[in-house]
Peer 1: 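I'd like to ask some things about the structure below.
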Amino acid sequence: MASIVISGGKPLSGDVWISGAKNAVLPILAACLLADEPVTLGNVPHLHDVTTTMELLGQMGAELVVDEHMRIRVDPRPTSRFFAPYELVKTMRAAIVVLGPLVAKYGEAEVSLPGGCAIGSRPVDQHIKGLRTLGAEISVENGYIKARAKRLKGARVTMDMATVTGTENIMMAAVLAKGTTVIENAAEEPEVCDLADCLNRMGAQISGIGTTRLVVDGVERLHGTEYDVLPDRIETGTFLVAGAITGGRVRAKHTRPEVLKSVLSKLEDAGAHVSTDTDTIELDMRGKRPRAVDVSTAPYPAFPTDMQAQFTALNCVAEGTGVITENVFENRFMHVQELHRLGADIKLEGNTAIVRGVPKMSGAQLMATDLRASASLVLAGLVADGETVVDRIYHIDRGYENIEEKLGGLGAQIRRLPT
Ligand code: EPU
């Protein structure tokens, strides 16, 4: 299995181009199944999860063509298999987002239950409950969710908790339902909004976008469109932390500052000078060591769980003690044991990590366990003395496009070792 080798200790400096958002492009690809005509997507990141989703849609019969600019044209018209196998869903939970489109447009779906994963149990009960409320008949047999419906009917769906892919599945199902659906306690994440904007471009009638109450007036059909996926706020945040942890200066270009407010405010608390432009964020530590910050994760617009591991790494070398509280997933501290191997001082108490900053960490061999945990290990490696080797790097390829090239462009000494 490939690994990444980092020689740490160099402040990063320079510009980095931010890719399209993984968690927006995956549901948007699934949404293409709802259309009667081809949809062309731009700003698609070159990620393993994107390839997996394309493979899934291809297995269903959809025709996908990628051009040299990574624009993907999806023609959903030949879709004839409404099946998402376990082999694929177990590698990428986000595949669950085909459930809503399949049952709404084709009247049937068989999608594997995702099962547990490294960061928690992650049930999909809200997806099932919401689709049943819209009139789908659903059974769970042999590890598969089997759904059937003639035409879904608009209804009031109240989510028990703000769930990102749950909201996306219900919203995608509701766009072709008969009548109006109101989704209460909807997730407000920018990726949910991006999906809603894309659906509206395809002819859907969704309002309340960016609030906890989405109103979807069902339409008879969706047409084709061209749509550029929003930039990735978590990739942006990860590169900004790379600047902060190394005492450097990083400018993230082609991003969306307005969706990173909670992250930017924590970076300022850590001592960073942050300035923003329409699509650019510049972070400058002016050579200083970061100050420890307290972080508590919650749904958007609060601090994102997908940035928790990166801030844990930041606190490891900061001045003072920072308390990290994880409120979204019950087991998202797999990076902590690996950070210990670099010499970090972290005490875990339930869903809280108390991180006492140390002046220096030293390189070691580490094991990546999930996507964001892997990113935090790479960040820690950038500042640890000597060489850090992060094994099982395939986790990072699921969600970061060319991470070693982008960090290398900022002056990091980083290389990939093939298997
Ligand atoms: N939950 C339930 N029942 C459900 C759905 C969710 O109990 O039916 C719980 C979850 O167990 C969790 C909470 O609700 O405790 C929120 O989970 P959510 O459903 O919002 O997560 P998700 O949709 O599975 C997406 C992102 C994750 C990100 C979370 C939270 C995608 C493809 N994935 O997951 O991204 O952490 O929202 O913001 O959009 C990542 O990119 O590394 C990643 C894990």
Side-chain angles (χ1 to χ4, degrees), residues 19-31 45 47-50 52-53 56 89 91-100 111 113-133 138 140 145 157-172 183 185-196 212 229-230 232-238 259 262-263 297-310 326-332 334-335 351 368-376 395-401 403:
S19 302
K22 167 180 86 78
N23 290 345
V25 73
L26 302 181
I28 288 175
L29 278 166
L47 299 173
H48 201 258
D49 276 5
V50 170
T52 308
T53 308
L56 176 61
V89 181
T91 68
M92 192 193 65
R93 299 181 50 85
I96 190 76
V97 293
V98 299
L99 181 62
V111 177
L113 276 171
C117 80
I119 63 177
S121 65
R122 304 182 74 182
V124 290
D125 55 300
Q126 297 301 304
H127 304 233
I128 294 174
K129 189 182 98 172
L131 291 174
R132 279 191 178 135
T133 309
I138 301 187
V140 179
I145 305 168
V157 177
T158 304
M159 315 298 273
D160 292 350
M161 76 280 297
T163 149
V164 173
T165 49
T167 303
E168 291 168 346
N169 247 334
I170 308 311
M171 182 167 70
M172 287 189 279
I183 309 175
N185 198 20
E188 297 169 271
E189 267 67 6
E191 295 76 18
V192 178
C193 303
D194 205 41
L195 170 65
T212 56
V229 176
L230 105 153
D232 197 312
R233 65 194 165 106
I234 305 301
E235 188 200 20
T236 306
T238 304
V259 296
S262 60
V263 172
T297 68
Y300 190 83
F303 189 90
T305 173
D306 290 345
M307 284 301 300
Q308 180 264 104
Q310 298 88 319
E326 173 56 57
N327 297 305
V328 179
F329 293 112
E330 68 268 27
N331 189 28
R332 209 173 195 182
M334 302 288 277
H335 42 291
N351 69 337
T369 49
D370 70 78
L371 171 58
R372 307 302 169 189
S374 320
S376 78
H395 287 290
I396 222 165
D397 295 331
R398 292 189 40 219
Y400 290 90
E401 183 172 46
I403 192 163

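Atoms within a ligand are numbered from 1 in the order they appear, just like the ligands themselves. For the numbers below, each heavy atom of this structure counts, side chains included, while hydrogens, waters and symmetry mates do not. None of the values given here were measured: they were computed from a predicted structure.
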Peer 1: Relative to atom 26 (C) of ligand 1, which among V164, N23, T163 owns the nearest non-hydrogen atom?
Peer 2: N23
Peer 1: Checking N351 side chain against N327 main chain: does a donor-acceptor pair fall under 3.5 Å?
Peer 2: no
Peer 1: Counting each atom of ligand 1 from 1 as listed, which ones have a heavy atom of Q126 under 4.0 Å away?
Peer 2: 3 (N), 4 (C), 8 (O)
Peer 1: So between R332, E189, R93, whose heavy atom ends up nearest atom 44 (C) of ligand 1?
Peer 2: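 Answer by nearest heavy atom: R332.
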Peer 1: If the cut-off is 4.0 Å to any non-hydrogen atom of A94, which atoms of ligand 1 fall inside it?
Peer 2: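 The atoms of ligand 1 under 4.0 Å from a heavy atom of A94 are 32 (C).
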Peer 1: Under a 3.5 Å distance rule, please check whether Q126 uses its side chain to pair with a backbone N or O of T163 as donor and acceptor.
Peer 2: no
Peer 1: Among E168, K129, M159, R122, whose heavy atom sits nearest atom 24 (O) of ligand 1?
Peer 2: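 Considering heavy atoms of E168, K129, M159, R122, the nearest to atom 24 (O) of ligand 1 sits in R122.
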Peer 1: Answer yes or no: are there more than 12 heavy-atom neighbours, outside H48 itself, under 6.0 Å from its atom NE2?
Peer 2: no
Peer 1: Are side-chain heavy atoms of E191 and R233 found at a separation under 4.5 Å?
Peer 2: yes
Peer 1: Answer with yes or no whether L26 contacts ligand 1, where contact means a heavy atom under 4.0 Å from a ligand atom.
Peer 2: no
Peer 1: May I ask you to list the atoms of ligand 1 that are less than 4.0 angstrom from any heavy atom of K22?
Peer 2: 40 (C), 41 (O)
Peer 1: Which one of A95, P114, P123 has a non-hydrogen atom at the shortest distance from atom 4 (C) of ligand 1?
Peer 2: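 Considering heavy atoms of A95, P114, P123, the nearest to atom 4 (C) of ligand 1 sits in P123.
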Peer 1: Show me which atoms of ligand 1 lie under 4.0 Å from any heavy atom of T305.
Peer 2: 30 (C), 36 (O), 38 (O)
Peer 1: Using modelled atom types and a 3.5 Å cut-off, is there a donor and acceptor pairing between side-chain atoms of D194 and backbone atoms of L230?
Peer 2: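 Flag set: sc D194 to bb L230 pair under 3.5 Å.
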Peer 1: At a 4.0 Å threshold, what atoms of ligand 1 neighbour a non-hydrogen atom of V328?
Peer 2: 12 (C), 15 (O), 16 (C)
